[in-house]
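Following: one structure in structure tokens, then a few remarks.
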Amino acid sequence: MIKVKELIDGIPVLAVVGNPEQTVSDIQLDSQKVTQGCMFVAMCGTRVDGHDFIGKAIGNGAGSVLCQRIPAGPDPDVTYVQVADTEDAVGRIATRFFGDPTSKVELVGVTGTNGKTTIATLLYNMMRKLGYKSGLLSTVCNYIDGEPVPADHTTPDAVTLNRLLGRMADEGCKYVFMECSSHAIYQKRIGGLRYAGGIFTNITRDHLDYHGTFENYLKAKKMFFDSLGKNAFMLTNLDDRNGLVMAQNTKAKVYTYSLRSMSDFKGRLLESGFDGMLLDINGHEAFMRFIGQFNASNLLAVYGAAVLLGKEPMDVLTVMSTLVPVNGRFDAIRSPKGFTAIVDYAHTPDALTNVLTTIVQVLDGKGQIITVVGAGGNRDKGKRPIMAQECVKYSDKVIITSDNPRFEEPDDIIADMLAGLTKADMQKVLTITDRRQAIHTACMLAGAGDVILVAGKGHEDYQEIKGVKHHFDDHEVVRETFQA
């Protein structure tokens, strides 16, 4: 329990109506989850306005309300705290309510378009193998040491985030690794948190449906590094042309990693196959069970962050050689007929290029590439034709299908993808709206030595159609096809 006046101490407040001595038993953003004594936070969302639900929250027992507008005729038994921006204030209030958990753990944030999940998850797995209790906040799943906590968003809302971090601190976690999405950064969901370090992976076109322009998307990512404290480290990718742009205004100490340039953590890919790669890092060779140059870059970031957290380089390399890819990231499944299916989360033009060029390099002209790909509904439409172009460029055959259509018609999404292709391109292309049938067809077309890439959904075990998530797992469909 904490009093309202203690919760808002030091936070810019426009007005307090009611008793500042009121105690707060919990914080909730959803009026339906409010219980007796909760503080309800009225967020001005893009679709719904939390201020419209203040009455319902009070009816469910809210004793206090954090809001931007105090309602007419306020309830005399409720304490209202008015701020200029609830989005900005809620992170700091949640951090205080849950006992400032990031003062008790070493939190490392990972942001960029691609690689966030792989880097955060590998760091989490590594630290646990080195004997440290650790936490993970990621797209795939959140973990409090070994305990899974399902993830609904790449980065949870500020209250959920601090609640999870508080549990991690209480469980004795020393390290926490967190994916920081551009939405979460821009919406200040990570406000009030203290970071031991931040990692920048890369930035390419994505989420323009939300940010509007690439420049806005870049600025959202950069906000994270601008907010790092002087005692934190920033580890940035020199192989991305915006790697140093991200570091321009940070107060953190900047370190670099690269496969191409002189850097603090320099890597060189010596050999690569479908069973793994031989990687040189700062003059030391190690075999890693990962595939492709993009994963070599991810592994460099993992190595650099672990060393910056004080771990011995040789201990880090030893553990890294035992790590395995994250679920849905370049998962290779071998067919009894001699071809390979790769399930990958790639859902941006750049991610598709990375995965496909890796397959091209490993195959070295000794087999065909058949790509099954779609695009998500109600997301950036501008990337759809570019995704199709990249797939046709690197594949022998392309089957364009449905991904998560959400509230759009799958055939409309497919039409947007086809709009980027020429008549010559279309000679390589099939369109099969049913994703299961598309995967079955790809497997029928494949021969010994070929590779099928099933792209876009990776770890997801559902297909979202008209607001309903239907069970669908690319891995399962591939395996059932192999057994048919």
Side-chain angles (χ1 to χ4, degrees), residues 114-118 120-122 125 136 138-143 148-154 179 274 289-291 295 324-337 339-348 351-352 354-356 359 369-379 387 391 395 398-408 410 413-414 417 430-446 450-484:
N114 303 310
K116 297 186 296 295
T117 300
T118 293
T121 304
L122 294 184
N125 287 332
L136 175 66
S138 85
T139 304
V140 177
C141 190
N142 303 316
Y143 285 91
V149 181
D152 293 324
H153 299 90
T154 299
E179 292 183 51
F274 284 125
R289 289 188 273 180
F290 293 80
I291 307 168
N295 266 326
V324 296
V326 177
N327 179 32
R329 270 61 176 181
F330 218 101
D331 282 349
I333 307 169
R334 188 77 172 164
S335 160
K337 295 180 181 177
F339 61 86
T340 301
I342 291 170
V343 176
D344 194 90
Y345 189 53
H347 60 281
T348 66
L352 284 164
N354 286 337
V355 173
L356 284 164
I359 297 171
I369 300 172
I370 304 168
T371 298
V372 179
V373 66
N378 303 107
R379 298 291 187 270
M387 290 169 65
C391 290
S395 307
V398 177
I399 302 175
I400 297 181
T401 187
S402 181
D403 189 287
N404 288 321
R406 299 187 176 90
F407 290 96
E408 288 193 67
I413 299 170
I414 290 171
M417 297 183 75
L430 292 172
T431 61
I432 302 174
T433 306
D434 184 280
R435 190 174 181 91
R436 184 181 301 274
Q437 188 58 47
I439 294 170
H440 286 336
T441 302
C443 293
M444 287 169 56
L445 292 172
D450 292 345
V451 173
I452 298 168
L453 171 63
V454 184
K457 292 176 62 56
H459 65 279
E460 293 176 350
D461 61 0
Y462 61 85
Q463 195 170 26
E464 187 175 344
I465 303 169
K466 304 295 184 186
V468 179
K469 289 184 176 180
H470 303 269
H471 180 77
F472 193 99
D473 186 323
D474 285 348
H475 301 82
E476 289 179 7
V477 177
V478 167
R479 288 191 173 96
E480 75 184 26
T481 306
F482 286 178
Q483 293 167 7

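Both backbone and side-chain heavy atoms feed into the values below; hydrogens, waters and symmetry mates do not.
Residue T340 comes nearest to A332 through the heavy atom pair CG2-CB, 4.1 Å, listed as atom of the first residue, atom of the second, then distance. Among all heavy-atom pairs drawn from V372 and A442, the shortest one is CG2-CB, 3.6 Å. Nearest heavy atom pair, residue D331 against residue V326, reads OD1-O, 3.6 Å. Contact between T348 and N114 at its shortest, heavy atoms only, is OG1-OD1, 3.6 Å.
Side chains of E460 and N404 form a contact here, defined as non-hydrogen atoms less than 4.5 Å apart. R436 places a side-chain heavy atom less than 4.5 Å from the side chain of F472. Counting heavy atoms from C-beta outward, C391 and L356 have side chains that approach closer than 4.5 Å. Counting heavy atoms from C-beta outward, Q463 and P405 have side chains that approach closer than 4.5 Å. Counting heavy atoms from C-beta on, the side chains of H475 and N327 come closer than 4.5 Å. In this structure, the side chains of M417 and V373 come closer than 4.5 Å at one or more pairs of heavy atoms. Contact check for R479 versus E476: no side-chain heavy atoms found under the 4.5 Å cut-off.
The backbone N or O of F407 sits less than 3.5 Å from a side-chain atom of N378, completing a donor-acceptor pair. In this structure a side-chain-to-backbone donor-acceptor pair under 3.5 Å is present from T401 to I432. With H471 contributing its side chain and D461 its backbone, the two residues share a donor-acceptor pair below 3.5 Å.
If you take CZ on F330 and CD1 on I342, they are separated by 3.5 Å, rounding to the nearest 0.5 Å. For the atom pair NE2 (H470) and OH (Y462), the distance works out to 12.5 Å, reported to the nearest 0.5 Å. Atom CD1 of I400 and atom CE of M387 lie 9.5 Å apart (nearest 0.5 Å). The CG atom of D434 lies 8.5 Å from the OG atom of S402; values are rounded to the nearest 0.5 Å. Atom OG1 of T431 and atom CD1 of I399 lie 10.0 Å apart (nearest 0.5 Å). One finds the CD atom of E480 at 8.5 Å from the CD1 atom of I439 (value rounded to the nearest 0.5 Å).
Heavy atoms from other residues, nucleotides or ligands lying under 6.0 Å from NZ of K466 number more than 12.
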side-chain contact (heavy atoms from CB on, under 4.5 Å) evaluation trace for T481 with M444: CA-CA 9 Å; T481 306; M444 287 169 56; over 6 Å; no

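Under the salt bridge (Lys or Arg N to Asp or Glu O under 4.0 Å) criterion, R435 pairs with D474, not counting sequence neighbours.
Looking at L453, T371, I291, N295 one by one, the single match for side-chain contact (heavy atoms from CB on, under 4.5 Å) with V355 turns out to be L453.
Using cut-offs of 30° and 60° on the angle between ring planes, the pair F482 and F339 is perpendicular.
Using modelled atom types, one finds no donor on one side chain facing an acceptor on the other under 3.5 Å when comparing H347 with D403.
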